[in-house]
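Working notes, structure below.
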Amino acid sequence: MEAILGQLEAHRKEIEAFELTTPQQVEEYRIKFLGTKGIVKALFGEMRNVPNEKKKEFGQVLNDFKLFAEAKYDAAKDATANSQPSTVNLQDLSLPGDVLPAGSRHPISLVRSRIISIFQRLGFAVADGPEIEDDWHNFTALNLPENHPARDMQDTFYISQNPDWLLRTHTSNVQIREMQKGKLPIRIICPGRVYRNETISARAHCFFHQVEGLYIDEHVSFADLKQTLYFFVQELFGKDVKVRFRPSYFPFTEPSAEMDVSCFICGGPGCRVCKQSGWVEILGCGMVHPTVLENCGIDSNKYTGYAFGMGIERITMLQYGINDLRLFSENDVRFLRQFTGAV
Ligand code: DAH
């Protein structure tokens with residue numbers, strides 16, 4: 001024990017004298033005193049030779065020594081790291097700061113905002129609904145009962161905890177939820193994310209975005225629908241754009257139509273975007289089916305209404321000439337930073 005205390009004193013002196021001005025010296029010091037085969041470790045190894053009644057006292061002495069050795073190392077490490085011959089430390093306060101890129105709006109978000117603002121000017125309010133939905137709101141209430149063949153086109157993801165829950169396939173569930181509130185008239189648009197069980201490719205994805213529209217009041221007619229949508233596309237694509245309505249089928253509207261706009265790229269003669277037809281399909285629409293109104297407790301003899309639904313990705317792709325749906329969700333900054341302003 002006495003012998004070890006003597007050694008400790010000698011090591012202390014050695015530590016005090018150890019010159020630590022270069023990183024190499026600091027490393028040598030670390031290995032010699034603090035390394036796994038270093039002096040501190042070796043001294044702690046002596047503990048087993050110390051009689052039990054002295055262990056506590058000896059432990060304290062050793063600990064002090066260890067802290068002493070470490071303190072010198074820590075101070076020297078910081079000092080030599082800072083004394084590296086580099087210009088990093090020479091702060092020139094007049095230099096401009098680091099540039100923090102501000103990012104930009106996602107193209108889907110830009111187009112969604114434009115769509116919303118056009119309808120808001122027409123008096124439509126924005127309504128929201130759940131993405132995890134029950135079967136009734138997503139299908140049955142919309143006149144798509146179980147085993148209806150039209151369900152095939154909208155296969156989706158089901159929640160295993162409850163077979164009645166699914167990821168909504170369209171924003172039309174918000175129509176139902178708004179109508180159920182029983183407050184009429186209704187004039188809403190519902191932007192949101194929707195899901196389909198699709199294999200991902202340039203033209204299909206397992207999620208995308210839609211904007212739904214719904215107007216219910218007394219005496220609402222197909223003429224109101226046409227005029228509203230005509231105004232909308234003129235605002236979005238320009239005053240020269242023409243529209244045409246083609247008969248179509250949706251279980252929740254009767255009559256139903258598909259609306260096309262004259263190709264805003266070529267103006268009519270035909271190009272790659274409109275597949276040489278001069279027209280591009282924009283949305284589905286129609287007069288709300290009386291069964292849907294009744295399912296939500298609305299008197300279909302008194303009230304009528306129109307509805308429409310469009311895909312935001314589709315409109316964005318047309319407007320910006322984007323040809324692959326996957327680009328929207330890959331988060332590649334080279335793609336995203338191209339969309340900095342308004343459409
Ligand atoms: N829900 C339809 C779909 O996802 C789109 C749609 C068509 C919505 C016609 C409507 C409508 O409200 O009237 O394919």
Side-chain angles (χ1 to χ4, degrees), residues 112 115-116 119 124-131 133 135-145 148-157 166-180 186-198 203-217 220-230 232-233 243-261 281-293 295-296 298 300 303-315 325:
R112 182 184 51 207
I115 296 172
I116 290 174
F119 281 107
F124 284 75
V126 175
D128 210 357
E131 290 177 25
E133 188 52 285
D135 185 283
W136 192 80
H137 286 93
N138 193 80
F139 290 127
T140 309
L142 285 154
N143 208 18
L144 271 153
H148 192 292
R151 280 195 182 200
D152 267 4
M153 288 185 296
Q154 301 197 4
D155 187 19
T156 185
F157 303 98
L166 46 84
L167 298 189
R168 68 173 175 191
T169 57
H170 48 189
T171 41
S172 308
N173 66 325
V174 190
Q175 287 190 26
I176 301 299
R177 290 186 173 274
E178 285 298 312
M179 286 193 268
Q180 278 186 307
I186 296 171
R187 188 156 45 186
I188 50 161
I189 48 163
C190 331
R193 181 176 286 197
V194 302
Y195 303 82
R196 303 267 169 105
N197 185 7
E198 298 271 357
R203 300 171 60 85
H205 211 296
C206 57
F207 68 84
F208 56 100
H209 299 79
Q210 290 187 334
V211 176
E212 186 88 9
L214 177 69
Y215 180 27
I216 299 193
D217 201 348
V220 176
S221 74
F222 205 94
D224 298 316
L225 168 66
K226 284 176 92 169
Q227 186 53 39
T228 304
L229 292 180
Y230 186 39
F232 164 65
V233 292
V243 291
R244 79 176 181 189
F245 288 79
R246 285 179 289 110
S248 186
Y249 172 75
F250 299 104
F252 32 88
T253 45
E254 182 60 37
S256 304
E258 212 81 63
M259 189 182 82
D260 301 340
V261 296
E281 187 187 315
I282 291 293
L283 53 79
C285 58
M287 300 304 292
V288 179
H289 197 293
T291 304
V292 175
L293 295 173
N295 283 344
C296 301
I298 294 175
S300 62
Y303 290 99
T304 52
Y306 65 69
F308 54 86
M310 66 190 100
I312 305 181
E313 274 81 351
R314 178 164 171 74
I315 292 178
L325 203 48

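Remember, it's 1-based here, ligands and their atoms both numbered in the order they're listed.
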Exercise for the section: Please find out if less than 6.0 Å separates the ring center of Phe308 from that of Phe119. Expected result: yes

Exercise for the section: Compare every heavy atom of Ile216 with every heavy atom of Val220, then report the nearest pair and how far apart it is. Expected result: CG2-C, 4.3 Å

Exercise for the section: Inspect the surroundings of CZ in Arg203 and state if more than 12 heavy atoms from other residues, nucleotides or ligands are less than 6.0 Å away. Expected result: no

Practice task
For a side chain to side chain contact (heavy atoms under 4.5 Å, CB included) with Asn295, tell me which candidate from Ile298, Leu293, Thr291 qualifies.
Solution key: Thr291

Practice task
Identify the protein heavy atom lying closest to atom 1 (N) of ligand 1, giving its residue, its atom name and the separation to 0.1 Å.
Solution key: His170 ND1, 2.9 Å

Exercise for the section: Supply the atom-to-atom distance Leu167 CG to Arg193 CZ, rounded to the nearest 0.5 angstrom. Expected result: 11.0 Å

Practice task
Starting from atom 5 (C) of ligand 1, locate the nearest protein heavy atom and write down its residue, its atom name and how far away it is, to 0.1 Å.
Solution key: Gly309 CA, 4.2 Å

Problem - Met153 touching ligand 1 at heavy-atom level, < 4.0 angstrom - result: no

Problem - Atom indices of ligand 1 within 4.0 angstrom of Phe252 heavy atoms, with elements - result: 1 (N), 2 (C), 6 (C), 7 (C), 8 (C), 9 (C), 10 (C), 11 (C)

Fill in the blank from the handout: Under 4.0 Å between heavy atoms, the region of Ala307 that gets near ligand 1 turns out to be both

Completion exercise
A student checking ligand 1 against Ser172 at a 4.0 Å heavy-atom cut-off should list atoms 1 (N), 8 (C)

Handout entry: Main-chain N/O of Ala125 paired to Arg187 side chain as donor or acceptor, under 3.5 Å
Key = no

Handout entry: Neighbour count above 12 (heavy atom, 6.0 Å) for Asp128 CG
Key = no

Exercise for the section: Tell me, please: is Tyr306 in heavy-atom contact with ligand 1, that is, under 4.0 Å? Expected result: no

Exercise for the section: Please say which of Thr171, Ile315, Ile312 ends up in a side chain to side chain contact (heavy atoms under 4.5 Å, CB included) with His209. Expected result: Ile312

Exercise for the section: Please say which of His137, Gln180, Glu212, His170 ends up in a side chain to side chain donor-acceptor pair (under 3.5 Å) with Gln175. Expected result: Glu212

Handout entry: Atoms in ligand 1 flagged as close to Gln175, the criterion being non-hydrogen separation under 4.0 Å
Key = 12 (O)

Exercise for the section: Quick one: look at Met310 and ligand 1, take heavy-atom pairs under 4.0 Å, and tell me if it's side chain, backbone, both or neither. Expected result: neither

Problem - Numbered atoms of ligand 1 (with element) below 4.0 Å of Gln154, judged on heavy atoms - result: 3 (C), 4 (O), 14 (O)

Handout entry: Interfacing atoms of ligand 1 (cut-off 4.0 Å, heavy-atom, Thr253)
Key = 13 (O)

Completion exercise
Note: heavy atom closest to atom 8 (C) of ligand 1, options Glu212, Arg168, Gln210, His289, belongs to Glu212

Fill in the blank from the handout: Counting heavy atoms under 4.0 Å, the part of Phe308 that contacts ligand 1 is backbone

Practice task
For ligand 1, note which part of Arg196 has a heavy atom under 4.0 Å away: side chain, backbone, both or neither.
Solution key: side chain

